[in-house]
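Some notes on the structure that comes next.
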Amino acid sequence: MLTTRIAWLIQTGQVSPAGVLAVTFTNKAAREMTARLSAMLPINPRGMWIGTFHGLCNRLLRAHHRDAALPQTFQILDSADQLAAIKRLLKGLNVDDEKYPPRNLQHFINGCKEDGLRAKDVEVVDDYNRRFVEFYAAYDDQCQREGVVDFAELLLRSYELLERSAALRQHYQARFAHILIDEFQDTNVLQYKWIKQLAGPGSAVFAVGDDDQSIYAFRGANVGNMSAFEREFRVPNLIKLEQNYRSHANILECANHLIRNNGNRLGKELWTDAGAGEPVRVHEALSDGQEAHWLIEEAKSLINEGWMRADMAILYRSNAQSRVLEHALFSAGIPYRVYGGLRFFERAEVKHALAYLRLMENPADDTAFLRVVNFPARGIGARSIEQLQDAARMAGVPLHEAVRGLAGGAGAKLGAFAALIARLRGETLGMTLPEAVEHVVERSGLITHYQTEKEGQDRIENLRELVNAAAAFLSDQGVGQDVPASAGVVAEEPILMTTPLAAFLSHASLEAGDNQALEGTDAMQLMTVHAAKGLEFDAVFITGLEEGLFPHENSAQEPLGLEEERRLMYVAITRARKRLYLSFSQTRMLHGQTRYNIRSRFLEELPEATLKWLTPRMGAQRPVWGDPWSGNTLQGDRGRRAAVPDAPMLSRADVQRAQGFDRGLPWRVGQSVAHARFGEGVILGIEGSGTDARVQVNFGRQGVKWLALSVAKLDPVN
DNA sequence: TCGGTTCAGAGTATT
DNA sequence: TCTGAACCGA
């Protein structure tokens with residue numbers, strides 16, 4: 001939609017390509033937009049500012065690095081680098097990392113930055129929190145010394161740059177006549193502030209978003225930006241896009257009906273003129289394994305009917321669910337593709353190679369230094385490194401500078417490492433980028449190291465692939481293949497001078513590479529619901545629709561957690577074009593234990609008339625009180641009690657013993673029962689016989705109860 | 001510095 | 001149950 005608008009603006013002469021700023025969240029989205037524009041218009045899309053928030057901020061900071069108080073060669077820390085830097089910081093400060101977990105500090109720092117707050121701006125509420133604020137300040141100092149910026153810093157630094165410099169701000173405001181933002185519901189507070197800085201009195205700002213698809217609050221997205229935008233920009237034309245061209249009406253009706261259970265909506269109702277289509281199919285399985293088995297039989301018959309495997313997706317709430325499904329697909333010999341997982345630039349061997357390149361570019365990058373100072377092993381042990389770190393701290397200099405002052409064997413070895421970096425820099429001076437990368441990969445000793453490793457072959461291939469990635473990067477950037485890696489080239493903007501190597505390093509940090517499995521073969525698509533956002537498929541299976549899993553039990557502790565889960569379900573449903581399957585299972589293996597689950601409340605929130613139950617529909621859940629999502633639990637003092645409590649579960653032996661066949665009782669483990677007060681539940685175990693017989697029942701939101709059969713009145717639900 | 005063992009923790013994720 | 005990180009002995 002942004003693409004069409006940009007094309008129209010340019011074609012009708014309302015704006016020149018240079019006056020356009022278009023922001024997305026992912027590189028993929030930015031690439032697609034650029035590609036479609038260059039197909040539609042006879043222009044060089046390079047003149048336009050189209051990119052991710054981070055990519056554009058990087059561009060801004062490179063161009064004005066002096067004003068932003070950054071070295072020209074500043075490096076970008078990804079999340080893992082950032083965590084390593086934080087651990088190092090805490091170690092240097094002798095902080096007990098049990099009391100102050102590095103992960104928490106990372107989360108704290110990023111949260112502050114995403115709210116636009118520096119350490120000095122953070123309100124201190126208690127002593128514990130005060131320490132975090134101090135660490136935040138120390139962390140920023142460390143980054144500044146080392147010439148590195150983390151992801152959130154890219155945003156915050158460029159926001160501050162625009163805020164501080166009226167001249168720059170006015171320059172860009174005058175330039176960008178049209179600002180367009182995609183997936184606006186996913187923006188955080190800082191990103192919105194950044195846009196407000198860039199939007200001048202004459203800028204037309206155009207934002208697209210869907211509040212019902214806001215599923216990233218947990219990583220800082222602020223849906224409130226949508227209403228704030230409408231108010232603060234005095235949006236004259238609010239356009240609701242309610243006609244849907246993707247799904248059949250039954251599917252849309254499910255989505256509409258479900259999402260009506262949320263409060264705080266801007267409000268919309270999807271419709272289509274494509275016809276009702278097929279009913280939405282619902283299946284109940286006895287176990288997760290059986291769910292997978294059923295799903296595969298269903299998929300097989302679709303394939304026999306001529307459906308493409310690539311047009312079928314299996315969605316789940318959490319990654320752990322993929323294993324059972326993969327196992328079943330593998331056994332059945334159905335090609336499949338799992339989205340998510342380790343990405344190219346995040347691989348250890350690739351990060352090692354990049355660390356060498358980063359050190360050549362910026363020797364003060366201590367994160368990179370520590371990553372490879374003893375990799376491959378050069379006999380520089382933990383003690384030597386500590387010595388070096390102490391010396392560097394005392395002198396207030398980066399590690400590489402402290403090397404000189406060190407005497408003895410450790411000093412010599414460290415000196416040799418520093419010399420290696422310097423030598424690599426010299427040797428690659430006249431080389432092109434791919435040549436330089438290859439040279440470093442070879443001469444750093446990485447290849448040799450992996451040759452001696454048992455499973456090093458894959459890693460060597462990835463290192464070779466890094467050389468290819470460098471070559472591909474050059475041609476994507478339109479840089480000649482014969483330009484030296486360290487030669488200054490003009491990139492993107494007249495003002496922006498950079499070298500191919502520096503640009504490649506930024507690229508490697510900002511774009512971690514594909515985590516989407518290879519395209520090509522016709523394979524079924526497996527992914528989390530989050531990963532499915534923005535995609536669509538002819539047939540969609542939503543699996544694991546059980547209380548505690550979807551909605552996920554952890555969301556019960558969050559304000560409005562259930563509403564976000566419901567939006568997630570909304571996203572899942574609306575991925576389907578023609579056919580939608582919803583499935584759940586009575587039991588599921590989780591964390592090594594069998595859990596007895598109750599079907600998801602979301603199933604009850606769908607309109608009956610659109611559903612077709614493939615298995616007999618059991619009695620509806622009773623309305624219950626004590627819902628953990630409503631913050632009103634029966635569970636007493638644990639406070640973090642799950643919807644399906646992790647109360648005493650039975651071992652397999654217990655279950656077998658307790659099956660109850662021999663006792664002549666009418667109850668079985670796993671059976672669904674109803675109780676007048678507790679509602680519907682599932683029998684977890686049976687004990688005793690005759691008048692002593694007791695059953696343990698999981699009533700889901702009501703908790704797990706032991707009931708004496710001579711007293712309690714239970715009804716079978718089937 | 002390695003390889004094995006032990007232990008805790010296990011939700012969604014882009015840059 | 002499975003994974004990754006931390007830890008210890010050679």
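Heavy atoms only: backbone and side chains are in, while hydrogens, waters and symmetry mates are out. Below, chain A is the first sequence line, B the second, and so on; all start at residue 1.
The 5' end of DNA chain B is approached more closely, in terms of each residue's nearest nucleotide, by A:G381 than by the other of A:G381 and A:E511.
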Next item on the list: Could you run through nucleotides 5-12 of chain B and give me one letter per nucleotide, 5' to 3': B if any protein heavy atom sits under 4.0 Å from the base, S if only the sugar-phosphate is that close, - if neither?
Entry: -----BBB

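Annotation: the span from A:Y450 atom OH to A:Q457 atom CD amounts to 12.5 Å, rounded to 0.5 Å.
With P as the reference atom, C:dG4 and B:dA13 are 16 Å apart, rounded to whole Å. Distance noted for atom P between B:dT12 and C:dA5: 16 Å (whole Å).
Atom-to-atom, CZ of A:R378 to P of B:dC2 comes out at 13 Å; the value is rounded to the nearest Å. In this structure, A:L77 atom CG and B:dT14 atom C1' are separated by 16 Å, rounded to whole Å. We find that CD of A:Q106 is positioned 16 Å from P of B:dA13, with the value rounded to whole Å. A:I76 places its CD1 atom 17 Å from the P atom of B:dT14, with the value rounded to the nearest Å. Following rounding to the nearest Å, A:E346 (CD) and B:dT15 (C1') show an atom-to-atom distance of 10 Å. Distance, A:Q191 CD to B:dT14 P: 14 Å, rounded to whole Å. In this structure, A:D288 atom CG and C:dT1 atom P are separated by 13 Å, rounded to whole Å. A:D78 places its CG atom 14 Å from the C1' atom of B:dA13, with the value rounded to the nearest Å.
Side-chain atoms of A:Q106 come within 3.5 Å of backbone N or O of A:S79 as a donor-acceptor pair. Without hydrogens or angle criteria, A:N262 side chain to A:E563 main chain gives a donor-acceptor distance under 3.5 Å. At least one donor-acceptor pair under 3.5 Å links the side chain of A:R575 to the backbone N or O of A:L535. Side chain of A:N362 to main chain of A:E146: a donor-acceptor pair is present (N/O by atom type, distance under 3.5 Å, no hydrogens or angles).
In this structure, the salt bridge (charged side-chain N to carboxylate O under 4.0 Å, His left out) partners of A:D210, at least two apart in sequence or on a different chain, are A:K268. Annotation: side-chain hydrogen bond (donor to acceptor under 3.5 Å, both in side chains) contacts of A:K91 (sequence neighbours excluded): none. Applying the salt bridge (charged side-chain N to carboxylate O under 4.0 Å, His left out) test to A:D211 and every residue at least two apart in sequence or in another chain returns nothing.
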Pairs under 3.5 Å (N/O, protein and nucleotides 2-5 of chain C):
none

Find every protein N or O atom lying less than 3.5 Å from an N or O atom of nucleotides 7-10 of chain C, and list the pairs.
none

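At B:dT15, none of the side-chain N or O atoms of A:R219 fall inside 4.0 Å of OP1 or OP2 (strictly under the cut-off). The side chain of A:N374 places an N or O atom within less than 4.0 Å of a non-bridging phosphate oxygen (OP1 or OP2) of B:dT1.
A donor N or O paired with an acceptor N or O is found under 3.5 Å between the base of B:dT15 and the side-chain atoms of A:S79.
Atom NE2 of A:H293 has 12 or fewer heavy atoms from other residues, nucleotides or ligands within 6.0 Å. With a 6.0 Å radius and a threshold of 12 heavy atoms from other residues, nucleotides or ligands, A:R265 has its CZ atom above the threshold.
Ion pairing between a basic and an acidic side chain is recognised when a charged N comes within 4.0 Å of a carboxylate O; A:R118 and A:E160 show such pairing.
Each of A:K533, A:Q191, A:Q213 was compared with A:D186 under the side chain to side chain donor-acceptor pair (under 3.5 Å) criterion, and only A:K533 meets it.
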